[in-house]
Amino acid sequence: MKQNKLTITNETGLHARPANQFVQTAHQFDSDISVIKGDATVDAKSILGILTLGAGKGTEIIIKAEGQDEDIAIQTLSELVTTGFNE
Amino acid sequence: MLKGIGVSSGIAIGKIHVLENAKYDITQDKVADAKMELDKLESAIEQSKVQINELHEKALEEIGKDEAQIFQAHLMILEDKVYLNEIKGLISSEKLNAPGAVERVTQKYADIFGAMDDEYLKERAADLKDVSARIIKNILGIKMDIYSLSENSIIVAEDLTPSDTAALDKSLVLGFITKEGGATSHTAIISRTLEIPAIVGVDDIEEIKNNDFIVMDGDSGIIIKDPDENEKSEYIIKQEKITKAKKVYSRYKDKKTLTKDNKQVSLGGNIGSLEDMESALQNGIEGIGLFRTELFYLQRNSLPTEDEQFETYKVLAQKLEGKPLIIRTLDVGGDKEIPYMELPKELNPFLGYRAIRLCLDRKKLFVTQLKAILRAGKYGNVKILIPMISSMEEMLLAKDLLADAKEELKKENVSFDENVELGIMMEVPSAALISDMLAKEVDFFSIGTNDLIQYTTAVDRGNKKVCHLYNEFNPGVLRLINIIIQNAHKEGIWVGMCGEAASNNTLVPLLLAMGLDEFSMNSVKVPEIRWLLSNIEHEKSKQLLKVLDYKSSSEIAEVLNKFIEECM
């Protein structure tokens, strides 16, 4: 199991287009991936789950992955967040 | 006769097709065979995917990319394992019937989104309901009837979802009438995009039945059931006139705005939300002359944040691809209900605590908005417009706050456009009369004729006893407009107009003669006004300036009308 703690930097947050992009990217991996914000844990492959987080700019989240491609999954999703979804 | 809100112009005459919203009861009944229920769900989901893919194709072809994206969002929901597993879980563990399970899980998410006070998520809640209704109908084997229009029809419905409008055979739809909805509802936006007449907000819609014969007017919002021969022929003539004129106007959508003797002016659109942008662009606007930001502040529980505003301004600026976007700062007062702002009720709100007066008092609110606009300046040709300036002192205070906003952004290390142009509304006579001095302080003026007329003539046009005194052709008002334009040009700044007068066909030649540089209006009027200007010679229009010495509005209107007749 791998995990990484990050802060959301893009203006929109994990919302609208970036949320779609995040979920679609998560779908490329076989690992089970989840996103944690405070007490809430949601499946990274669920658009409804991600949207209910309401993770705006400046929010701290943890991305967790478990499975054979967990390393690359964490790396790819973290990059997406830290580069601000190309906004 | 019935009446609603006309949201897409044009006349339709024809037979009614009522879209029956299939009635079905959803129970929380248990089932004996959960396995069978799961199978039903599974095949309903597959069926829904096929349908949505079809709608996506159809929307892409017939409506546009933005509309098609809605169906991609629908597909993402149908592929959301967490959502589907929750539904399946309820069926397996509680032996709940499949439609009941879909409904319960959907409601849970719709409630969460609804409570988050976020426009985007509210739209997603609507998507979710649209998708879940589709799954449930597929489980119950309810045929979605709207695929089956057999003749030209006027569509009547409670409300229209994207699924409804995409599925309809648009070549057979003459008009839309709905019970729900307002000027920014999905029905309104889509009908304007498709240029199909539409009326929403019809309270007594139940009176209209299948196969009724009606005429509807998408401008006035009037619906006449079983019109007599006279009414019928009256509307047929009106319709033919509109169709002919529209054909002529539509050729002017993508042209430059040039007078007959090749003087160029600019035609802009007035919009109040992101949704209006699509139709504005389609009508060939050369910029947004007025973006009203009030919607941001209405219908919510707290002030919009800087980021929220920035996101919207940025998207608007990007969509315009370098064409100007003039953002007017908050223009509200005691006549609007905004509970969280605790605006005192006033006897005379239009002479009270509103617009820039409120913003100079609530500095943080104002600076927040200015910062959002300055940041959006990075993404296009953005300009700031301040409403209701009535003195030099206010002007200078507002400029100080703009400087503060820039200072704050610098400190925060946030990038913004240092050179965003600043303009003020010319709508108060005391400002118009010192426009020579104000012109030295700003980059442009925008004349707000609705308020300028109200404040100059001291007339409330909502008051039936005096509204006849409210008149665009009032000689005093016209002189003030001329003073503003001449003073601006002396200082080398440009002048726009964003009130209704800017798209008043009769007045346009006179405004051209005065030298108005930009006319901003409801964007559907843009092609028509562009056509009108193409028939007028600027040099010749200057003879109209003589009306500034006329004594009465009726004389002035007569001369202007005669001039137009001679030009055509």
Side-chain angles (χ1 to χ4, degrees), chain A residues 7-61 63-67 73 77 80-87, chain B residues 66 69-70 72-87 105-125 127-129 131-132 274 304-315 318 371-372 375-376 378-379 412-416:
Chain A
T7 304
I8 293 175
T9 56
N10 65 313
E11 288 298 336
T12 327
L14 210 43
H15 194 274
R17 184 188 62 82
N20 289 344
Q21 209 181 337
F22 188 86
V23 172
Q24 276 160 358
T25 310
H27 266 286
Q28 296 165 8
F29 305 103
D30 294 329
S31 297
D32 290 327
I33 310 170
S34 47
V35 180
I36 303 165
K37 176 198 150 191
D39 302 330
T41 303
V42 299
D43 189 325
K45 295 177 187 174
S46 162
I47 184 67
L48 296 180
I50 293 291
L51 289 176
T52 54
L53 279 184
K57 186 185 176 187
T59 309
E60 206 165 70
I61 58 164
I63 306 177
K64 246 186 199 175
E66 188 157 13
L77 288 169
L80 200 56
V81 173
T82 50
T83 56
F85 297 90
N86 306 315
E87 268 189 1
Chain B
D66 283 355
Q69 264 172 9
I70 296 175
Q72 272 173 336
H74 286 192
L75 277 181
M76 269 184 100
I77 296 171
L78 273 182
E79 279 159 8
D80 192 320
K81 290 222 170 58
V82 174
Y83 173 63
L84 299 180
N85 286 339
E86 272 181 62
I87 297 171
V105 175
T106 304
Q107 197 55 49
K108 181 189 114 179
Y109 282 103
D111 286 347
I112 297 175
F113 290 164
M116 282 166 94
D117 193 26
D118 175 314
E119 272 314 309
Y120 177 81
L121 290 180
K122 283 195 182 124
E123 279 171 37
R124 297 292 77 76
D127 285 344
L128 195 53
K129 289 233 162 113
V131 173
S132 67
L274 203 54
T305 64
E306 179 188 320
D307 284 352
E308 251 176 88
Q309 297 187 56
F310 162 68
E311 283 302 330
T312 301
Y313 302 154
K314 176 177 133 186
V315 173
Q318 286 172 329
K371 283 167 77 181
R375 285 168 60 192
K378 277 267 160 196
Y379 298 88
E412 291 161 14
N413 232 337
V414 179
S415 69
F416 67 97

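This one's a predicted model, so the numbers in the text were calculated from it and none came from an experiment. Note on naming: letters A, B, ... go to the chains in the order of the sequence lines (proteins, then strands), and numbering restarts at 1 for each one.
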Do the side chains of A:Lys45 and B:Asp80 get nearer than 4.5 Å, heavy atoms only?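 Of all side-chain heavy-atom pairs linking A:Lys45 with B:Asp80, none is under 4.5 Å.
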
Hey, are the side chains of A:Leu51 and B:Tyr109 touching, using non-hydrogen atoms and a 4.5 Å cut-off?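 No, too far: nothing below the 4.5 Å cut-off.
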
Would you compute the distance between atom CD of B:Glu79 and atom NE2 of A:His27 and round it to the nearest 0.5 angstrom?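 The NE2 atom of A:His27 is 7.0 Å from CD of B:Glu79, to the nearest 0.5 Å.
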
If you round to the nearest 0.5 Å, how far is CZ of B:Arg124 from NE2 of A:His15?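 CZ of B:Arg124 is found 9.0 Å from NE2 of A:His15.
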
For the interface with chain B, which of A:Asp43, A:Leu48, A:Ile47 has the highest count of heavy-atom pairs at distances below 4.5 Å?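 Among A:Asp43, A:Leu48, A:Ile47, the one with the most close pairs to chain B is A:Leu48.
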
With only heavy atoms counted, which part of A:Val23 is less than 4.5 Å from chain B, the side chain, the backbone, both or neither?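 When you check distances to chain B, only side chain atoms of A:Val23 fall under 4.5 Å.
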
Heavy-atom count around B:Lys129 NZ within 6.0 Å, excluding the residue itself: above 12?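 Incorrect, the count does not exceed 12.
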
Tell me whether the count of non-hydrogen atoms from other residues, nucleotides or ligands lying under 6.0 Å of CG in A:Asp32 goes above 12.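 Not more than 12 within 6.0 Å, no.
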
